[in-house]
Amino acid sequence: MNALLQVENLSKQFGGLRAVDSVDLELHEGEILGVIGPNGAGKTTLFSVIAGSMPATSGRVLLNGRRITGLPANRVVRAGVCRTHQIVRPFSNLTVFENVYVGALYGPAPARRAGMSPRQDTADILEFAGLRERSEDLPGSLTLAGRKRLELARALATRPRVLLLDEVAAGLNPVESQRLTDLVRRVRGERGVSIIMIEHVMQAVMSLSDRVAVLDYGRKIAEGTPDSVSRDERVIAAYLGQAAAEKRADEPEAVTGA
């Protein structure tokens, strides 16, 4: 099966620090790929390079066989790859509707549904994200969970083929996290968007992901099903330390925290 998105031998170096080190990833159509790892593992830097907000030091990214490495972020979005941020960044002086409307104007026009204007597209996305009744409010009046939904809605308005979700559940309580997890599942099922998600909330990433890749010090150290990855000694060592990994080697348990 041909991959929708291919990351090949991708590296990003800052002086003597290699934040992303020769990473290979593949995302297939309709798949959710989780990316986990300890703080400082290079996950967000990887997203920034894929999304075009940082240039790669080496390697390449292909979308449906077309190289997008080196394109500026606006052209990566128009090609069909959009990201969210862990720290949400709405336009504070624009209404919820206007925030999403910007995305509808910014994305690739051919990707919009036939016969729908950008305003209709925006209304449709707000309904999907559960924000229709807050459309005339300013983002500052929303809860954190509401602003996370807005961040997701803005990205969806660009009509991406690939969505990069950066810690969408971070800072939410268990009920809010579950609701947002359900929304992400609907993004894949109802919108047909393929997803790569960085997440420290293990319950969220393990329940959503078809496959999980693990980064540590910029390198991919494991990849597989959520169950197999959670029992990988290298993953346990990365999160809990080598001594803990050796102690638990005979009876490995799922990684439950970051």
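Counting begins at 1 with the first residue of the sequence.
At a threshold of 4.0 Å, the pair Arg159-Asp124 counts as salt-bridged, since one of the basic side-chain nitrogens sits closer than that to a carboxylate oxygen. A salt bridge does not link Lys148 to Glu151: none of the charged side-chain nitrogens sits closer than 4.0 Å to a carboxylate oxygen. Ionic pairing of Asp24 and Lys220 is not present here: no N-O contact between side-chain nitrogen and carboxylate oxygen is shorter than 4.0 angstrom. Of the charged side-chain nitrogens involved, none lies within less than 4.0 Å of a carboxylate oxygen, so that Arg186 and Asp182 do not count as a salt-bridged pair.
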Margin query: I'd like to know whether Ser48 forms a side chain to side chain donor-acceptor pair (under 3.5 Å) with Arg83, so could you lay out the CA-CA distance, the side-chain angles of the two residues, the decisive distance to 0.1 Å, and finally the verdict.
Written below: CA-CA 9 Å; Ser48 295; Arg83 70 170 296 183; 3.0 Å; yes
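A donor-acceptor distance shorter than 3.5 angstrom exists from the side chain of Ser194 to the backbone of Gly30, with no hydrogens or angles considered. Checking side-chain atoms of His200 against main-chain N and O of Gly37 turns up a donor-acceptor pair under 3.5 Å. When atom types are taken as modelled, the side chain of Asp210 and the backbone of Ile32 share a donor-acceptor pair closer than 3.5 angstrom.
To the nearest 0.5 Å, atoms CD (Glu31) and CG (Leu5) are separated by 10.5 Å. The CZ atom of Arg119 lies 7.5 Å from the OG1 atom of Thr122; values are rounded to the nearest 0.5 Å.
Heavy-atom neighbours of Arg179 CZ from other residues, nucleotides or ligands within 6.0 Å: at or below the threshold of 12. The 12-atom threshold is exceeded at CZ of Phe128, counting heavy atoms of other residues, nucleotides or ligands nearer than 6.0 Å.
You'll find the side chain of Met54 stays beyond 4.5 Å of the side chain of Val20, heavy atoms only.
For residues 53-76, the side-chain hydrogen bond (donor to acceptor under 3.5 Å, both in side chains) pairs, not counting sequence neighbours, are Glu8-Arg60. Within the structure, salt bridge (Lys or Arg N to Asp or Glu O under 4.0 Å) contacts touching residues 132-144 (residues at least two apart or in different chains) are Glu127-Arg132, Arg134-Asp137.
The one candidate from Val212, Val214, Asp216 that meets the side chain to side chain contact (heavy atoms under 4.5 Å, CB included) condition with Val235 is Val214.
In this structure, Lys43 forms no cation-pi arrangement with Phe47, as its terminal cationic atom is not both closer than 6.0 Å to the ring centre and no more than 45° off the ring axis.
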